[in-house]
Number of protein chains: 2
Amino acid sequence: MVSPDQPWPPGHQELAEILRRDIHAGRLAPGAPIPSDRWLEETYGIGRNTVRAAVTLLRAEGLVVRRHGQATRVRQMPVKQPIDLAGVTRIEVRMPSPDDRDRLRVPDLGVPVFEVHRRPGVVELLPGDRWFVPAPGAS
Amino acid sequence: MVSPDQPWPPGHQELAEILRRDIHAGRLAPGAPIPSDRWLEETYGIGRNTVRAAVTLLRAEGLVVRRHGQATRVRQMPVKQPIDLAGVTRIEVRMPSPDDRDRLRVPDLGVPVFEVHRRPGVVELLPGDRWFVPAPGAS
DNA sequence: GATAATTTGTACGTATGTATA
DNA sequence: TTATACATACGTACAAATTAT
């Protein structure tokens with residue numbers, strides 16, 4: 001964790017950038033807990049709401065996962081599987097609705113979904129953190 | 001806009017669901033402004049922070065776009081173009097970092113990006129709201 | 001062009017509830 | 001049971017960008 005070097009307290013955008021750097025640099029590894037709201041408050045001398053606004057940004061970017069009552073953690077990327085391209089007419093991508101997330105068992109924000117359009121008019125929804133589009137020839 | 005029928009004021013999750021329904025039902029059309037924070041506060045009898053939490057959810061879901069000083073609007077989807085599959089080894093999807101958004105000129109949250117892996121080791125980034133993966137054979 | 005009103009952005013403090021360790 | 005950590009929600013204040021007058 002990077003200690004505050006600057007004399008003024010960070011805003012929520014700045015705090016988000018600090019945590020982003022720590023994650024990308026590996027100082028906060030996948031699966032590792034990030035500091036608690038309270039620790040960040042006291043360490044950086046900022047309000048709780050500011051801390052939460054920062055972490056909310058990181059959630060939307062898919063960098064961290066929050067669980068009620070547990071420490072917020074850096075997202076762990078599962079191994080991705082190739083999408084079966086048989087009969088595919090097109091694949092789009094979008095953010096899921098809460099209903100979509102329930103269906104797909106993806107409780108977290110920040111995970112886009114593939115919208116796989118197949119033959120008869122069937123649309124399959126696949127979480128973007130578990131699937132990828134393979135090379136067109138290699139099916 | 002749906003008026004509050006229930007006697008108790010909605011929480012931010014409930015308000016988000018109300019707005020979500022209005023958007024999906026077309027009562028709030030793409031490009032149309034949604035009610036201001038202040039209007040939502042007074043109409044539903046809730047605090048500003050609660051209103052903003054609701055709209056923040058919709059932002060992360062890619063449903064609305066906020067611009068400083070302007071009304072928040074329902075996102076308008078541009079026409080999507082097919083990704084050129086020549087030399088593609090795989091295509092993944094993820095949320096962009098703020099830097100990615102700057103590069104791609106995608107100022108808004110809630111827009112995933114395609115990570116197109118091509119031959120030599122080249123990775124191309126394409127906004128998910130402007131591109132789609134076409135049928136493998138139809139290139 | 002200048003001013004005022006509107007709207008979103010940012011940030012503080014406080015309080016209480018709920019899930020987990 | 002206790003402590004920790006996140007979830008939700010209120011109120012307040014001021015800044016900044018845009019729009020209307």
If I take atom [atom1] in residue [X] and atom [atom2] in nucleotide [N], what distance separates them, rounded to the nearest angstrom?
X	N	atom1	atom2	result
A/D37	C/dT20	CG	P	17 Å
A/R38	C/dT14	CZ	P	14 Å
A/R73	D/dA5	CZ	C1'	12 Å
A/Y44	C/dA11	OH	C1'	18 Å

(request) Would you mind telling me which of A/R75, A/R20, A/R66 makes a side chain to side chain contact (heavy atoms under 4.5 Å, CB included) with A/L58? (result) A/R20
(request) Ignoring backbone atoms, test whether B/T72 places a side-chain nitrogen or oxygen under 4.0 Å from the OP1 or OP2 oxygen of C/dT8. (result)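 Affirmative; the distance criterion is met.
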(request) Taking only the side-chain nitrogens and oxygens of B/R67, find out if one of them lies under 4.0 Å from OP1 or OP2 of C/dT7. (result) no
(request) Do nucleotides 8-18 of chain D as a string where each nucleotide becomes B, S or -: B if the base has a protein heavy atom under 4.0 Å, S if just the sugar-phosphate does, - if no protein is that close. (result) BBBB-B--BBS
(request) Measure the CG-CD distance between A/D22 and A/E17 for me, rounded to the nearest 0.5 Å. (result) 10.0 Å
(message) With rounding to the nearest 0.5 angstrom, report the NZ to CZ distance, B/K80 to A/R90.
(response)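 Interatomic distance, B/K80 NZ to A/R90 CZ, rounded to 0.5 Å: 7.5 Å.
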(request) Taking atom CZ of B/R67 as the centre, report whether more than 12 heavy atoms of other residues, nucleotides or ligands fall under 6.0 Å from it. (result)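 Yes.
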(message) With a sphere of 6.0 Å drawn around CZ of B/R118, does it hold more than 12 non-hydrogen atoms of other residues, nucleotides or ligands?
(response)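 More than 12 within 6.0 Å, yes.
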(request) Would you mind pulling out the nucleotide paired to D/dT1, Watson-Crick or G-U wobble, both distances under 3.5 Å? (result) none
(message) I'd like to know if A/R73 pairs up with A/D108 as an ion pair, taking the criterion as any Lys NZ or Arg NE/NH1/NH2 lying under 4.0 Å from an Asp or Glu carboxylate oxygen.
(response)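 Looking at A/R73 and A/D108, the cut-off is not met.
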